[in-house]
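Below is one structure, written out as structure tokens, with a few remarks after it.
Start at 1 with the first residue, then count along the sequence.
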Amino acid sequence: MKKKLLALTLSALFVTVSASAQMSCCGQGDNPYKKYTKNLPFPMPEVKAPVFPDHQVVLSDFGADPTGSQLCTDAFAQAIDALTAQGGGHLVVPAGVWLTGPIVLKSNIDLHLEMGAVIQFAADETLFPIIKTSFEGLDTRRCQSPLSANGAENIAITGRGAIDGNGQYWRPVKRAKVSDSHWKKLLAQPEGFELRKDYWVPSESYAKGEKGADLNVPKAQTDEEWEAIHRFLRPVMISLVSCKNVLLQGVIFQNSPAWCIHPLMCENIILDGILSRNPFYAQNGDALDLESCKNALIVNSKFDAGDDGICIKSGKDADGRRRGVPCENVVVDGCTVFAGHGGFVVGSEMSGGVKNFKVSNCQFLGTDVGLRFKSTRGRGGIVENIYIDGISMMNITTDAITFNMYYGGKSVAEMLADGDQPDNVTKMPVDETTPIFRNIDIQNVICNGAGRAMEFNGLPEMPMDNIHLKNVTIRANQDAVFTNCTNIRQENVKITIE
């Protein structure tokens, strides 16, 4: 009996030491991220991981059920409060399935998931109240995000576990994107139904919301009207608003209701070695949307999305211009995008501006588009000082590289080809709603297989300016197209038409 107790004690000690060793990397010792801000073509301060007090609590000590059969919402809240009372520290989530409602992180908290730990958010809309927030660049209301922080400093989600958003409870599905057997299972669900031909929605509440919505933003006014479309207001899974010193490291983020990870107006943020993944049929299933953030590193990470992979935003139209916060000083390095509408994407919500980006050493494997920049008249905003160096792509469905200022509508070339003669074939007045794209440097790009090599499609009243293409090799079905661009320099650009 004594030997057994000794073995258990040693085992527990080993687990504690092992967890402490893993967590000590959060901001301790020499800064391993310093190298990413050296020798950039724009000034950017050094970004460091947050440092946490040497306190630790374990979720299971607060009565949490590890089997996924009972909600652990109160246990998470109590554990975070207990750490906060000590000045912060590490909340360790052991192996198990931890079913929960919303989790709200507070300052100086590291949510650390050990190997085998799965946090799964419950498929129950009543647990996620409707709140005022921002979605797709507009001020609106959505359900509270499953995991969120607002105005917090020094926060982290680290470890080797997984966070699952139970997205299938929230999302609509298009028939063309799933198999016959999958479609039959959807039609057999008691709440869901085919709203229109080949388009399934998860509930009547969702259908009501979609009928009165402009894209994903409904026009409800009263609290009763919002509540009537509760399920339609599917949240982003990880919402970090106005936070400072943020680290997401090592964890798997998957199966979100809408966007997976959404840092908004955050400063000094690091995403390192994460996997963000959604089913390929997930509507609005962006893997990462970095919006109006400053001083960010996205490194050594993998993205597999139902929409855009690594997406950069800064608000939409008047709401975005009123906010007026650009997304700036960002390094993307050593990342892989497996699927999605775009590998590295800017827009189309970029009304606050996007500037000072370095994207390097990345690979896009089977995305719809490789490098994707999109905007339209009415957005406003300036996208400038974008430096891309070292991109490998294969099996790109449409364009290897695209800059499209007619997102959501036809380009001048498309309108003329279709015989249209609308007003915007000619120049429109230039004002605050005119998007501006300039100072784009793209080097050392190889793409083996694309629908079209490149599309640079500017506005006649505001051509894209100062584009530098160097050492670009693309095999595609169609050649590059340049419309309304000035000061384009091409060095060693080789396009092979298949």
For W259 and F135, take the angle between the two ring planes, folded into 0 to 90°, and tell me which bin it lands in: parallel under 30, tilted 30 to 60, perpendicular over 60. tilted
Does the side chain of Q283 pick up a donor-acceptor pair with the side chain of Y199 at under 3.5 Å? no
Short question: side chain of S301, backbone of I274 - any donor-acceptor pair under 3.5 Å? yes
Taking atom CD1 as the centre, does I446 end up with more than 12 heavy-atom neighbours from other residues, nucleotides or ligands that are less than 6.0 angstrom away? no
Any idea which heavy atoms bring C335 and N300 closest together, and the distance? SG-N, 3.9 Å
If you measure from the Lys or Arg side-chain nitrogens to the Asp or Glu carboxylate oxygens, is any gap between D317 and R379 under 4.0 Å? yes
Shortest non-hydrogen pair, C260 vs Q254, comes out as SG-N, 4.2 Å
For A49, is there any backbone N or O sitting under 3.5 Å from a side-chain donor or acceptor partner on N245? no
Decide whether S360 and D333 meet the rule of one side-chain donor and one side-chain acceptor closer than 3.5 Å. yes
Do any N or O atoms from the side chain of S145 and from the backbone of L147 form a donor-acceptor pair under 3.5 angstrom? no
Grab the two heavy atoms, one from V330 and one from M44, that are nearest each other, plus how far apart they are. N-SD, 4.2 Å
Using only atom types and a distance under 3.5 Å, with no angle test, would you say the side chain of K313 pairs donor to acceptor with the backbone of E349? no
Verify the distance criterion only: is there a donor paired with an acceptor across the side chains of S181 and S179 at less than 3.5 Å? yes
Count the heavy atoms of every other residue, nucleotide or ligand shown that sit under 6.0 Å from NZ of K302, and state whether that count exceeds 12. no
To check you understand the geometry: which heavy-atom pair defines the closest contact between D368 and I396, and what is its length? O-CG2, 3.4 Å
Could you check whether any side-chain N or O of R452 sits under 3.5 Å from a backbone N or O of V481, counting only pairs where one atom can act as donor and the other as acceptor? no
Any salt bridge between K316 and D319, counting N to O under 4.0 Å? no
Quick check: does any side chain N or O of T367 sit under 3.5 Å from a backbone N or O of A339, one acting as donor and the other as acceptor? no
Is the count of non-hydrogen atoms from other residues, nucleotides or ligands lying under 6.0 Å from K184 atom NZ greater than 12? no
Is the shortest distance from a Lys or Arg side-chain nitrogen in D139 or R322 to a carboxylate oxygen in the other one below 4.0 Å? yes
Which value, rounded to the nearest 0.5 Å, describes the distance between I298 atom CD1 and F344 atom CZ? 7.5 Å
Out of curiosity, T100 OG1 to F121 CZ, how far, rounded to the nearest 0.5 Å? 6.0 Å
Checking R231 side chain against S203 main chain: does a donor-acceptor pair fall under 3.5 Å? no
Flag the pair K374 and D308 as a salt bridge only when some basic side-chain nitrogen lies within less than 4.0 angstrom of an acidic carboxylate oxygen. yes
Any carboxylate oxygen within less than 4.0 angstrom of a Lys/Arg side-chain nitrogen, looking at D198 and K174? no
Side-chain H-bond candidate by donor/acceptor type, Q363 with T336, under 3.5 Å: yes
Classify the side-chain pair T486/D465 by whether it contains a donor and acceptor separated by less than 3.5 Å. yes
Is it the case that the side chains of E491 and N471 hold a donor-acceptor pair, with the cut-off being a distance below 3.5 Å and no angle test? no
If the plane angle is over 60° it's perpendicular, under 30° parallel, otherwise tilted; pick one for F373 and F403. parallel
Any salt bridge linking E461 with R377? Criterion: basic side-chain nitrogen under 4.0 Å from a carboxylate oxygen. yes
Is it the case that the side chains of E125 and Y169 hold a donor-acceptor pair, with the cut-off being a distance below 3.5 Å and no angle test? yes
Option among S351, S292, S314 that satisfies the side chain to side chain donor-acceptor pair (under 3.5 Å) test with R323: S292
Test of understanding: with ring-ring contact (aromatic ring centres under 6.0 Å, His included), list the residues that count as partners of F364, not counting sequence neighbours. none
Are the side chain of N484 and the backbone of G458 linked by a donor-acceptor contact shorter than 3.5 Å? yes
Give me each pair satisfying salt bridge (Lys or Arg N to Asp or Glu O under 4.0 Å) with a member in residues 259-282, each pair once, sequence neighbours excluded. none
What pair of heavy atoms forms the shortest contact from P263 to C293, and how long is it? O-SG, 3.4 Å
Check the orientation of W170 and F128. Use parallel for under 30°, tilted for 30 to 60°, and perpendicular for over 60°. perpendicular
Within the 3.5 Å criterion, strictly below it, is a donor on H262 or D289 matched to an acceptor on the partner's side chain? no
Can you sort out the partners of Q144 under side-chain hydrogen bond (donor to acceptor under 3.5 Å, both in side chains), two or more places apart, ordered by chain and number? none
Within the distance-only criterion (no hydrogens, no angle test), does the side chain of R321 pair as donor or acceptor with the backbone N or O of G324 below 3.5 angstrom? no
Side chain of N404, backbone of Y406: donor and acceptor closer than 3.5 Å? yes
Side chains of N255 and Q168: any donor to acceptor distance under 3.5 Å? yes
Looking only at heavy atoms, the pair that brings S242 and C266 closest together is N-SG, 4.0 Å
